[in-house]
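This report refers to the structure that appears directly beneath it.
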There are 4 protein chains.
Amino acid sequence: MTDHRQGPVRSEAARLAILEATARLFMSKGYDHLTMEGIAAEAGVGKQTIYRWWPSKGDVVADCLLDGLLLPDSLRPPETGDIRADLVDWITGIFHVLARPDGEGLLRSIIAAAAGNADVGRRIYSSLGATSSMADRIRKAIHEEGLAVDTPIEEVGEAIVGAVILRALSRSTIEEAGARRLVGALLG
Amino acid sequence: MTDHRQGPVRSEAARLAILEATARLFMSKGYDHLTMEGIAAEAGVGKQTIYRWWPSKGDVVADCLLDGLLLPDSLRPPETGDIRADLVDWITGIFHVLARPDGEGLLRSIIAAAAGNADVGRRIYSSLGATSSMADRIRKAIHEEGLAVDTPIEEVGEAIVGAVILRALSRSTIEEAGARRLVGALLG
Amino acid sequence: MTDHRQGPVRSEAARLAILEATARLFMSKGYDHLTMEGIAAEAGVGKQTIYRWWPSKGDVVADCLLDGLLLPDSLRPPETGDIRADLVDWITGIFHVLARPDGEGLLRSIIAAAAGNADVGRRIYSSLGATSSMADRIRKAIHEEGLAVDTPIEEVGEAIVGAVILRALSRSTIEEAGARRLVGALLG
Amino acid sequence: MTDHRQGPVRSEAARLAILEATARLFMSKGYDHLTMEGIAAEAGVGKQTIYRWWPSKGDVVADCLLDGLLLPDSLRPPETGDIRADLVDWITGIFHVLARPDGEGLLRSIIAAAAGNADVGRRIYSSLGATSSMADRIRKAIHEEGLAVDTPIEEVGEAIVGAVILRALSRSTIEEAGARRLVGALLG
DNA sequence: CAATAAGCGAGACGGTACGTCTCGTCTTGCT
DNA sequence: AGCAAGACGAGACGTACCGTCTCGCTTATTG
C-alpha cells in the first residue's frame with residue numbers, strides 16, 4: 001500500500017502566493033508588523049491554508065529566505081583579486097543596501113526574525129557556512145592571492161558578518177577606514 | 001529662573017517598580033512575551049504610568065539595560081595576564097550564561113529588543129565602545145603583554161561580540177577550538 | 001440567486017449568551033454601569049464577537065428589549081371592565097415594579113438607555129403604538145365600556161406613560177389620588 | 001469660638017468658571033460626553049476644585065440648571081388668551097428648540113442627566129410644580145378663560161411634559177394635530 | 001463513476017494585548 | 001485652607017491579531 005491519500009494535493013499556487021505576499025510585506029513593513037492575517041489577505045488565501053503548512057510566521061519567513069525571496073544577490077562579495085579591498089567593499093556596501101541607520105532596515109528585520117525563530121537563525125547561519133560565497137571568496141584568496149593557508153575561513157567570515165550585524169543593531173555604520181582596520185586585523 | 005513647575009513630581013517608587021518588574025519578566029519570559037499590561041500588573045502600576053514616561057516596551061527595556069538590571073557582571077573578561085586565553089574564556093563563557101541554544105536565551109531576547117528598538121541598540125553598542133571593559137582588557141594587553149600597539153581595539157571588540165551574536169542567533173555554540181581560531185586570527 | 005456566502009455562520013449560542021448576559025447585568029447594575037467588557041466576560045465571549053454584530057452597548061440593550069428580556073409582562077394593563085380603575089392600577093403598579101425612588105430603578109435605566117441610543121428610544125416608543133397592550137385596553141373600553149369614540153388613543157397612552165416617566169426621573173411616586181386625577185382629566 | 005476656619009474661602013471665580021464651562025460643554029457635546037476632566041480644562045481649574053464642591057458631574061449639571069445656564073426662557077408658555085392654542089404652540093415649539101430627532105438633542109441630554117442623577121431629576125421636576133410657569137398659565141386660564149375649576153393643574157402639566165419627553169426619547173416629533181388632540185383630551 | 005476525503009477561500013469564534021481616555025484620589029508649591 | 005497642575009492606580013474603551021473552528025466548494029483517488 002502506498003501512502004497516497006485521496007483528495008487534492010497541496011496547491012502550489014497558494015504556496016507561492018503566500019511566500020510572495022510574505023516577502024512583499026516583510027520588505028515593506030518589517031518583521032514585527034508582519035501578521036498572519038496580513039499575509040493571508042495579501043495572498044488572497046485563507047488563514048488555515050497558511051497554518052496548515054507553517055506553524056508560525058517565522059517559519060514562513062524562513063521559507064522565503066530559502067527561496068531567495070528576501071535577500072538580494074548583491075550579498076556576494078566582489079572578486080577583483082584583492083581580498084582585502086573586496087571584503088571592505090562588501091562590508092561598506094551592505095549598509096547602502098540593508099542597514100541604513102534610518103528606515104526600517106531590512107537587515108534589522110531579518111535579525112529580529114532570526115532572534116524570534118530558530119529556523120530563520122539556523123538558515124541564515126548555514127548560508128554563511130563552508131559552502132557560502134564568503135567562504136568561497138576567502139578560499140580563492142588562499143589559492144590565488146597568497147593568503148595564509150591556515151586562515152580560519154569560517155571564523156573570519158563570522159567575525160565580519162557579526163561585526164556588520166552589531167553595527168546594524170546599533171543603528172550606526174562602518175565607514176571605510178573602520179572596515180579596513182577590521183579586515184586588516186582578521187587577515188593579518 | 002529654572003523651569004520648576006508646580007504639581008506632583010514623578011514617583012520614584014513607580015519608576016523603580018516598573019523597571020524591576022520589566023527586568024523580572026524579561027528574564028523569565030523573554031522580550032517577545034513581555035507586554036505592557038504584564039509589566040503594569042507585575043509592578044502594581046497603572047498602564048498610563050508606563051506610557052506617561054516611556055513610549056514603548058523597548059524603551060523600558062533600554063532603561064533597564066542602563067540601570068544594569070538585565071546584564072550580569074560576568075560580562076567582564078577575566079584578566080589572567082594571557083589576553084588570548086582570557087578572550088577565549090569570555091567567549092565560551094557567554095554561552096553558558098546567556099546563549100544556550102535551547103531555552104529562551106537571554107542574549108537572543110536582548111538582540112530582539114535591539115532589533116526592534118533603536119535606543120536598545122545604541123545602548124548596547126555604546127557599552128562596547130572605547131570605555132568598555134572589553135576595550136580596557138585589550139588596552140591592558142597592549143601595555144603589559146606586548147600585544148601589537150596598532151591593534152584596532154574597537155574593531156577587534158566588535159568582531160568578537162558580533163561573532164558571539166551570530167552564533168546566538170543561529171542557536172549554535174562556539175566551542176573552545178573555534179574561539180581560539182577566532183581570537184588567533186584577530187590578534188595575530 | 002440569494003446572497004448565500006460560504007464560511008461559518010453567526011453563532012446563535014453566542015448571540016443568546018450575549019443578550020442574556022446583558023439582561024442579567026442590566027437588571028443588576030443598571031445601564032450606566034453596564035460595560036461591553038462586563039457583558040463579554042459574563043457571556044463567556046470575546047469582545048469582538050459583540051462588536052461584530054452590535055455597534056454599541058445601547059444596541060445590545062435594544063435587542064434585549066426586542067427579545068423581551070428586560071421588561072416583564074406585568075406592563076399589560078388589567079382588564080376588569082373599568083378602564084379608569086385599570087389605568088390607575090397600572091400606573092401605581094409600575095412604581096412597585098420598576099420605579100421605586102430608591103435603588104437603581106430599572107425604569108430609569110431604560111430611560112437612560114433610550115436617551116443615549118436612538119434604537120432603544122424608538123423601540124420603546126413603538127411598543128406603545130397602535131398595536132400596544134395599552135392601546136388595546138383603551139380600544140376595548142371604547143367598544144365595551146362606552147368610552148367616548150373620539151378618544152385619541154395614542155395621545156392618551158403617551159400622556160400616561162410620559163407622566164410615569166417624568167415621575168420616575170424625579171424620584172417621586174404617583175399615589176392613587178394623583179393617578180385618578182390624571183386618568184380623570186384624560187378620559188373626561 | 002466661632003467656626004471661622006483659617007485659609008482662603010471658596011473662590012467665586014472658580015465656581016462660576018466651572019458652571020459656565022459645564023454649560024458650554026453640555027450644550028456642545030451632550031451629557032454623556034461631558035467629563036470632569038473636560039470641565040476642569042475648559043474652566044482652567046484643577047480637578048480637585050470641582051471634586052471639593054460637587055460629588056459628581058451630575059451635581060454640577062444640577063447646579064447649572066438651578067442657575068438657569070442650561071434651559072432658555074422660551075420654555076415659558078405664551079399667553080394669547082387661548083389656553084389650548086398656547087399649549088399646542090408650546091408643545092410644538094419645544095421640538096424646534098430642544099428635541100429635534102437628529103442632532104444631539106439638548107432635551108435628551110437633560111433626560112440622561114436626570115436619569116443618572118437624582119438631584120437633576122428632582123430639580124427638573126420641581127421646576128414643573130405648583131410654582132411653575134406652566135401651572136401659572138393653566139391657573140390663569142381657569143380664572144380668565146373659563147377653564148373648569150377642578151382641572152388638576154399639576155397632573156395636566158405633567159402629562160404634557162411627559163408626552164414631550166416620551167417623544168424626545170423616541171426621536172419623533174409631535175405635529176400640531178397630535179398636540180391638539182392631546183390638549184383636547186386633557187382640558188376637555 | 002459515484003463515494004469519499006482532503007485542500008481551499010472565507011470568516012466567526014474565545015482570547016490577549018494594544019494604546020487611549022476618564023475616573024476619583026493624592027501630592028506639590030503657590031497665594 | 002483653597003487653588004492650578006498634574007501624577008497616580010484602576011479599569012473600560014474599541015481595534016488588531018492570534019490560533020482554532022466551521023462552512024460550502026472544488027478536486028483527486030479509490031472502491
Interatomic distance where [atom1] belongs to [X] and [atom2] belongs to [N] [whole Å]:
X	N	atom1	atom2	value
Arg10(B)	dG9(F)	CZ	C1'	16 Å
Glu12(A)	dT27(F)	CD	P	17 Å
Asp32(D)	dA12(F)	CG	P	18 Å
Ile50(C)	dG15(E)	CD1	C1'	13 Å
Tyr51(A)	dG7(E)	OH	P	18 Å
Glu42(B)	dA10(F)	CD	P	14 Å
Ile39(D)	dG24(E)	CD1	P	11 Å
Ile18(C)	dG15(E)	CD1	C1'	14 Å

Check: Think Arg15(D) forms a cation-pi with Trp53(D), using NZ or CZ under 6.0 Å from the six-ring centre and within 45 degrees of its axis?
Finding: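 Arg15(D) over Trp53(D) ring: no.
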Check: Out of dG6(F), dA12(F), dC23(E), which nucleotide sits closest to the side chain of Thr35(D)?
Finding: dC23(E)
Checklist line | Out of dA4(F), dG19(E), dG14(F), whichever nucleotide has its closest atom nearest the side chain of Met36(B) | finding: dG19(E)
Does a side-chain N or O of [X] approach OP1 or OP2 of [N] to a distance below 4.0 Å, or not?
X	N	value
Trp54(D)	dG24(E)	no
Ser11(B)	dA7(F)	no
Thr49(A)	dG9(E)	yes
Trp53(A)	dC8(E)	yes

Between the base of [N] and the side chain of [X], is there a donor-acceptor distance below 3.5 Å?
X	N	answer
Glu37(D)	dC21(E)	no
Gln6(A)	dT4(E)	yes
Lys47(D)	dG6(F)	no

Next item on the list: Please check if the side chain of Arg171(C) supplies one atom and the backbone of Arg122(D) the other of a donor-acceptor pair under 3.5 Å.
Entry: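 Not confirmed, Arg171(C) side chain does not pair with Arg122(D) backbone.
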Margin query: Using heavy-atom distances to pick each residue's nearest nucleotide on DNA chain F, tell me which of Val9(C) and Ala40(D) is more 5'.
Written below: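 Going by which nucleotide is closer to the 5' end, it is Ala40(D).
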Checklist line | 5' precedence on DNA chain F between Leu34(A) and Gln48(A) (nearest-nucleotide basis) | finding: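 The 5'-side residue here is Leu34(A).
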Item checked: Earlier contact from the 5' end, DNA chain E, for Lys57(D) and Gly44(C) -> Gly44(C)
Margin query: If you assign each of Pro8(B) and Val45(C) to its closest nucleotide in DNA chain E, which residue comes earlier from the 5' end?
Written below: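 Comparing both residues, the 5'-ward one is Val45(C).
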Next item on the list: Might you point out which heavy atoms bring Val120(D) and Ile110(D) nearest each other, and give the distance in Å?
Entry: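 Result for this residue pair: CG1-O, 4.3 Å.
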Margin query: Over all strands shown, is Arg52(B) touching base, sugar-phosphate only, or nothing at heavy-atom distances under 4.0 angstrom?
Written below: base
Distance check, rounded to the nearest 0.5 Å: [X] atom [atom1] versus [Y] atom [atom2]?
X	Y	atom1	atom2	result
Trp54(B)	Thr49(B)	CH2	OG1	9.5 Å
Ile50(A)	Asp59(A)	CD1	CG	12.0 Å
Leu34(D)	Arg24(D)	CG	CZ	12.0 Å

